[in-house]
2 protein chains.
Amino acid sequence: MDGRRARGERRRQAILEATLRVIERDGVAGVSHRSVAREAGVPTTSTTYYFASLDDLLIATLMWSADKLAEDISDLIVRLVNAPNSDVGAVTRRLVDMVDANRGRTMAEYELYLLAARRPELRPAARRWLDLITEAARPFDSDPVAFRAFLAAVDGLLMQGLIADEPPSVADLEPVVSYLIRPRQHLDRLQGGTIGE
Amino acid sequence: MDGRRARGERRRQAILEATLRVIERDGVAGVSHRSVAREAGVPTTSTTYYFASLDDLLIATLMWSADKLAEDISDLIVRLVNAPNSDVGAVTRRLVDMVDANRGRTMAEYELYLLAARRPELRPAARRWLDLITEAARPFDSDPVAFRAFLAAVDGLLMQGLIADEPPSVADLEPVVSYLIRPRQHLDRLQGGTIGE
DNA sequence: GAACTGGTGGGACGATCGTCCCACCAGTTC
DNA sequence: GAACTGGTGGGACGATCGTCCCACCAGTTC
């Protein structure tokens, strides 16, 4: 193994990670060769050495980041699909975590969405988690329509959580998540309850 | 009325409209004093005359745009809440329209979301339509949890529609929208159906 | 019609940007 | 150890950026 190549590969990775940190902190707008180089502690020319253009750097970073996140999230959802009665709380806690502790990460993800809306080549990366989950859930899923609604609502809850004055709590989100996962149970409970429709 | 002021007000408005066109076409990243001035057909200095900084221009544009959109959308949803059995199709068509014919407009709206996630002063504008609808729907709404799920899913369907390879059709979305609006009916139909759970 | 004032628009400033050039270093190959 | 090669990093280029200065125009006020 060529030691030069190995160190090069490490530096390339360091640049990707630095770029993601810049995006989390300042958004895609804050990414420039110089800002990334400063963050990574490398000379300005390194970023052009490893990535043909700033655009390439941005795309590489967002794809890499989306890949990490997709595997991360889909694990959670697949587990849920396999055992829907197990733990609504786990999903809710994960969502809260994404708009609170991992807020920067989630914003970066939606920066990617928006970029992908304008650039077709980024769309597969942006849809990665949706595709993974949909594929994994297919054999277990008896109600694809309700499942699509659930996936859409997850995106919406996250986006709306990002623009709330303060991040929603588990108690805020749990009823909604529970309804989305077990709608029948929710509706039955409501019917036996008060107002009705 | 001072004719100078009147013309000034018109030019101010023209700058706002030009800025929105630039955002729709190239995103927030494409907005600069020069690009907006070129789009509006005014000298570069006009934009700084009417807006103290580029940031002010951006914020003013997004707030104005969000206001327009909020009233537009909330009309539709309020009508729906008042008569839920009337026309699921109207809502679906509106959603399809937002990711197809009015795609640029919708992307601009989500640029605002993302900016608002980073800047608290923009959040009221970004939440405008959510707040309007929630307020208007309150007296008629017997299931706030399902309603929140519906609103989240609308955001998610729009975002996911923007990153689809081609915009979803009415036929694609109608089942999901129908389920979100009349979940009980959907579930009952499913139970009498095939696989069941 | 003179003084005032809201708006106009050309031109410039320093800063930052993406990108490239090029001399050089440090491992690798033979 | 000489030739090669992957990577390094300082420095510069033209372009574009936000913002400001300032002479001026055109309605308004008296």
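The chains referred to below are lettered A, B, ... by the order of the sequence lines, with proteins before strands, and numbering in each begins at 1.
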J.: For the pair Glu71(A) and Arg128(A), find out whether any cationic side-chain nitrogen is under 4.0 Å from an anionic carboxylate oxygen.
T.: yes
J.: How does protein reach along nucleotides 14-22 of chain C, written 5' to 3' as B (base within reach of a heavy atom under 4.0 Å), S (only sugar-phosphate), or - (no contact)?
T.: ---BBBBB-
J.: Check this for me, if you would: do Asp143(A) and Arg184(A) make a salt bridge, where the nitrogen-to-carboxylate-oxygen distance has to be below 4.0 angstrom?
T.: no
J.: Name all residues meeting the side chain to side chain donor-acceptor pair (under 3.5 Å) criterion together with Thr106(B); count only those two or more places apart in sequence or in a different chain, and write none if there are none.
T.: none
J.: Quick test of your reading: applying salt bridge (Lys or Arg N to Asp or Glu O under 4.0 Å), list the pairs with at least one residue in residues 154-172 of chain A, sequence neighbours left out, ordered by first then second residue.
T.: Asp165(A)-Arg127(B)
J.: Could you give the distance from CG (Asp26(B)) to CZ (Arg21(B)), rounded to the nearest 0.5 Å?
T.: 12.0 Å
J.: Pull out every protein N or O sitting under 3.5 Å from an N or O of nucleotides 5-7 of chain D, one pair per line with the distance.
T.:
residue: dT5(D); atom: O2; partner: Arg4(A); partner atom: NH1; Å: 2.4
residue: dG7(D); atom: OP2; partner: Tyr49(A); partner atom: OH; Å: 2.9

J.: Does the pair Glu24(B)/Arg103(B) count as a salt bridge with the N-to-O cut at 4.0 Å?
T.: no
J.: Which of residues 114-121 of chain B have a heavy atom under 4.0 Å from DNA chain D?
T.: none
J.: Of all heavy-atom pairs between Met63(A) and Ala125(A), which one has the smallest distance, and what is that distance?
T.: CG-CB, 3.6 Å
J.: So that I can tick it off, tell me whether Glu17(B) and Arg12(B) are bridged by a salt bridge, with the cut-off set at under 4.0 angstrom between side-chain N and carboxylate O.
T.: no
J.: Look up atom CD in Gln160(B) and atom OH in Tyr113(A), then write down how far apart they are to the nearest 0.5 Å.
T.: 5.5 Å
J.: Is it true that Glu111(B) and Arg118(A) make a salt bridge, defined as a side-chain N closer than 4.0 Å to a carboxylate O?
T.: yes
J.: Side chains of Arg105(A) and Ser65(A) only: does a donor on one sit below 3.5 Å from an acceptor on the other?
T.: yes
J.: Could you please spell out the steps behind the side-chain contact (heavy atoms from CB on, under 4.5 Å) verdict for Arg119(A) and Asp55(A)?
T.: CA-CA 11 Å; Arg119(A) 307 191 189 190; Asp55(A) 223 59; 2.3 Å; yes
J.: Rounding to 10°, can you tell me the angle the first-five-pair axis of the helix from dG1(C)-dC30(D) to dC30(C)-dG1(D) makes with its last-five-pair axis?
T.: 10°
